[in-house]
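Okay, structure first, notes after.
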Amino acid sequence: MMKFSQMDYERPDLEALKAQLTELIERLKGAEDYETAKKTFLDEEVLEKHIMTLQTLVEIRHTIDTRDAFYDEEEEFWNEAAPVLEQYSQAWSSVMLESRFRPDFEAEYGNLMFLNAEIARKTFSPEIIPDLQKENELKTAYEKLIASAQIPFEGNTYTLSQLSPFKNDADDARRLAAWKAEGQWYKDNQEKLDDLYDQLVHVRDAMGRKLGYDGYTELGYYRMQRNCYTKEDIEKFRSAVVKYLVPVADEIYREQAKRLGKSYPMSFADNALEFRSGNPKPCGTPDEILEQGRKFYEELSPETGEFFNMMLNNELMDVLSTKGKAGGGYCTSIPDYEVPFIFANFNGTQHDVEVVTHEAGHAFAAWMNRTRVPLAYVWPGMEACEVHSMSMEFFAWPWAEGFFGEDTRKFYYSHLSGALTFIPYGTMVDHFQHIVYEKPDMTPKERHGVWKELLGIYMPWMKLDGEIPFYSEGEGWQRQQHIYASPFYYIDYCLAQTVALQLWTKLQKDRRDAWEHYMAYTKQGGSRVFTELLEHAGLESPFGEACLREVCETAKQWLEAFDLKGIC
């Protein structure tokens with residue numbers, strides 16, 4: 001198997017790719033029997049995998065160092081080329097949808113690829129190619145702006161990721177100073193951030209209208225490949241979050257205020273500190289964290305052990321936070337080599353361990369399904385993918401001591417309470433975006449006002465007193481990369497977290513049974529829609545109100561019974 005550093009990249013000839021795709025389309029049109037049509041289909045799969053590989057190698061190497069001139073130029077090339085190639089992809093899908101051999105394809109590969117092709121056809125027209133190119137350009141500009149941050153603090157300069165450990169420091173003054181330093185950087189770049197988002201909202205709204213929709217929202221759902229639930233289902237989920245989960249989260253923060261000796265509600269900086277003695281921290285170096293990750297995966301199952309060693313041995317994780325590196329973390333696939341890749345920014349916080357569990361949960365699912373045909377069946381929809389990762393975090397609990405040492409008990413409490421308190425935030429992100437795209441002509445100030453109002457509904461434990469203006473004035477959404485780059489994505493985390501909490505509940509009763517449910521879910525890859533994946537794995541859909549209610553009740557009881565003696 002090839003190491004990541006040995007994987008070659010060369011810019012493809014765009015005209016040659018167009019010619020190859022055109023030839024495949026014509027071959028499929030002229031196929032006289034299923035065997036010929038299938039051979040053409042498989043040849044198109046090979047070409048699609050190669051195009052995706054080249055594009056992904058550029059994405060990874062560009063995000064590892066956004067200052068690299070070569071990959072910066074290649075990123076610009078793909079920003080222009082990808083929308084052009086989408087026209088050929090859509091033409092291919094149309095021929096497949098109309099093929100007289102469609103029943104044969106469905107018999108061999110299932111009908112989901114046709115369902116998704118029908119949805120994809122609703123997201124594109126050659127008329128919006130310039131808009132797609134502009135959207136890519138703006139997303140890259142936001143990414144580079146965030147990566148360029150150099151924040152002065154205590155005589156040094158830090159990237160946004162490198163500043164994170166100071167934002168949950170146990171010293172009140174130092175922690176507040178870090179939050180203010182971060183907030184000041186965003187304030188200094190407020191005009192750029194507002195302008196980038198305003199342009200993104202308007203270019204997306206324009207695309208929606210050109211495709212015949214009443215704005216962007218319907219198009220956004222199609223682009224997220226929502227194939228088994230609707231906007232109305234999401235609205236019901238949001239209502240259930242406010243009804244069942246916000247009160248549980250509110251109680252968590254009230255107890256936190258008591259531990260810290262603070263009045264409730266607390267400031268953004270104080271809410272970031274869970275224990276007066278400090279938040280749980282990894283007990284090892286990055287290498288030691290990765291080594292404990294190896295131990296966890298080797299002992300969890302034969303499949304996970306093989307997978308994680310493959311990742312380590314082939315340089316398929318880049319996890320250190322360095323200058324010029326893009327923010328955040330992700331997992332992706334490199335199809336030609338049938339391997340996943342993990343990108344992250346270790347910063348000495350609990351997040352470092354979650355990279356080894358969360359992102360590797362994604363990667364494990366991709367590894368288990370790496371040979372699926374069609375390629376689209378390797379990964380399910382985004383909400384389904386997040387179940388793999390968020391659940392894997394809970395499966396790591398028996399190995400937590402090797403990651404956290406004396407902070408292990410803190411970690412258990414923090415991880416479960418954090419899973420619960422995250423859902424209101426993630427749901428608020430989704431609600432905010434729905435309002436924004438329903439009213440695309442809002443001013444930046446009006447958008448900030450919407451965010452501030454939603455904070456009062458979903459996160460009433462946040463004190464909006466002006467201590468950290470960037471956050472208290474309703475601008476904190478601008479640090480959420482998904483809002484700029486992947487509209488309507490964030491609710492996927494909330495749906496998945498609800499399912500992951502179901503698996504956590506099963507873990508409290510029978511670890512083997514919980515793992516069997518997890519593997520039954522994971523082994524399906526993307527061969528079914530989200531709700532069917534859950535059904536076939538014996539898991540409940542998060543769209544039923546009872547699901548969230550039961551999860552909240554079980555977790556609330558666990559937190560109330562958890563012994564925090566000796567932890568302050």
Side-chain angles (χ1 to χ4, degrees), residues 142 145-194 249 252-254 256-281 321 327-329 345-352 354 410 414 417-418 421-422 424-426 428-429 432 448-449 451-452 454-456 458-484:
Y142 172 79
L145 177 60
I146 296 299
S148 73
Q150 293 290 288
I151 303 170
F153 185 72
E154 295 184 343
N156 292 309
T157 56
Y158 298 91
T159 65
L160 287 163
S161 176
Q162 290 167 340
L163 189 68
S164 293
F166 302 109
K167 289 178 63 188
N168 57 35
D169 193 278
D171 181 270
D172 287 354
R174 192 184 200 203
R175 186 175 67 259
L176 178 59
W179 276 79
K180 286 183 173 179
E182 181 209 47
Q184 189 58 53
W185 182 85
Y186 280 102
K187 276 290 191 184
D188 292 342
N189 289 274
Q190 186 83 67
E191 191 174 334
K192 293 178 188 174
L193 290 162
D194 282 337
I252 288 170
Y253 280 105
R254 286 180 185 274
Q256 183 175 322
K258 291 177 186 175
R259 287 198 302 273
L260 299 181
K262 299 284 185 178
S263 60
Y264 177 91
M266 296 185 290
S267 71
F268 286 82
D270 287 338
N271 273 305
L273 182 68
E274 295 178 86
F275 301 96
R276 174 47 65 193
S277 56
N279 290 356
K281 290 183 179 179
S321 184
N345 281 274
F346 273 19
N347 54 25
T349 67
Q350 181 175 333
H351 164 77
D352 297 354
E354 289 166 359
K410 277 187 188 178
S414 171
S417 63
T421 58
F422 164 76
Y425 168 74
M428 178 174 67
V429 168
F432 173 75
H448 301 322
W451 183 260
K452 189 171 182 177
L454 291 174
L455 278 167
Y458 290 96
M459 301 177 72
W461 47 85
M462 291 296 187
K463 184 170 65 174
L464 305 177
D465 63 352
E467 190 175 42
I468 311 163
F470 170 65
Y471 287 95
S472 61
E473 293 173 9
E475 297 154 8
W477 62 270
Q478 294 188 315
R479 60 178 293 279
Q480 189 59 64
Q481 179 260 351
H482 300 73
I483 293 177
Y484 283 79

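The structure presented is a predicted model; accordingly, all values stated were derived computationally and were not measured.
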Q. Where does the angle between the aromatic ring planes of Tyr186 and Phe470 fall among parallel (under 30°), tilted (30 to 60°) and perpendicular (over 60°)?
A. parallel
Q: Applying side-chain contact (heavy atoms from CB on, under 4.5 Å), name anything that partners Ala181, two or more places apart in sequence or on another chain.
A: Ile151, Phe153
Q) Under 3.5 Å, is there a donor-acceptor pair between the side chain of Asn279 and the main chain of Ala272? A) yes
Q) Just wondering, are more than 12 heavy atoms of other shown residues or ligands nearer than 6.0 Å to CD in Glu191? A) no
Q: Taking ring pair (Phe, Tyr, Trp, His ring centres under 6.0 Å) as the test, write out the residues that go with Tyr264, two or more places apart.
A: none
**Q.** Steps toward side chain to side chain contact (heavy atoms under 4.5 Å, CB included) verdict (His351, Ser164)
**A.** CA-CA 10 Å; His351 164 77; Ser164 293; over 6 Å; no
Q: Check whether any side-chain heavy atom of Gln480 sits under 4.5 Å from a side-chain heavy atom of Phe432, and report yes or no.
A: no
Q. Looking at Ser321 and Phe346, what are the two nearest heavy atoms and their distance?
A. CB-O, 3.2 Å
Q. For Ala249 and Trp461, which heavy atoms make the closest approach, and how far apart are they?
A. CB-CH2, 3.5 Å
Q | Plane angle bin for Phe268 and Trp179 - parallel if under 30°, tilted between 30 and 60°, otherwise perpendicular | A | tilted
(Q) So, using salt bridge (Lys or Arg N to Asp or Glu O under 4.0 Å) as the criterion, who are the partners of Lys463 when residues are at least two apart? (A) Asp465
**Q.** Residue list, salt bridge (Lys or Arg N to Asp or Glu O under 4.0 Å) with Asp172, at least two apart or on another chain
**A.** Arg175, Lys262, Arg276
Q. So which heavy atom on Glu274 is nearest to which on Arg259, and how close?
A. O-NH2, 2.9 Å
Q) Which atom pair, heavy atoms only, marks the closest approach of Ser161 to Asn345? A) OG-CB, 3.2 Å
Q: Could you please spell out the steps behind the side chain to side chain contact (heavy atoms under 4.5 Å, CB included) verdict for Leu193 and Tyr484?
A: CA-CA 10 Å; Leu193 290 162; Tyr484 283 79; 3.6 Å; yes
**Q.** Which residues share a side-chain contact (heavy atoms from CB on, under 4.5 Å) with His448, sequence neighbours left out
**A.** Gln190, Asp194, Pro444, Glu475, Trp477, Gln478
Q.
I want to check a possible cation-pi pair here: Arg174 against Phe166, using under 6.0 Å from ring centre and within 45° of the ring axis as the test.
A. no
Q | Any residue meeting salt bridge (Lys or Arg N to Asp or Glu O under 4.0 Å) with Lys281, in chain and number order, not counting sequence neighbours | A | none
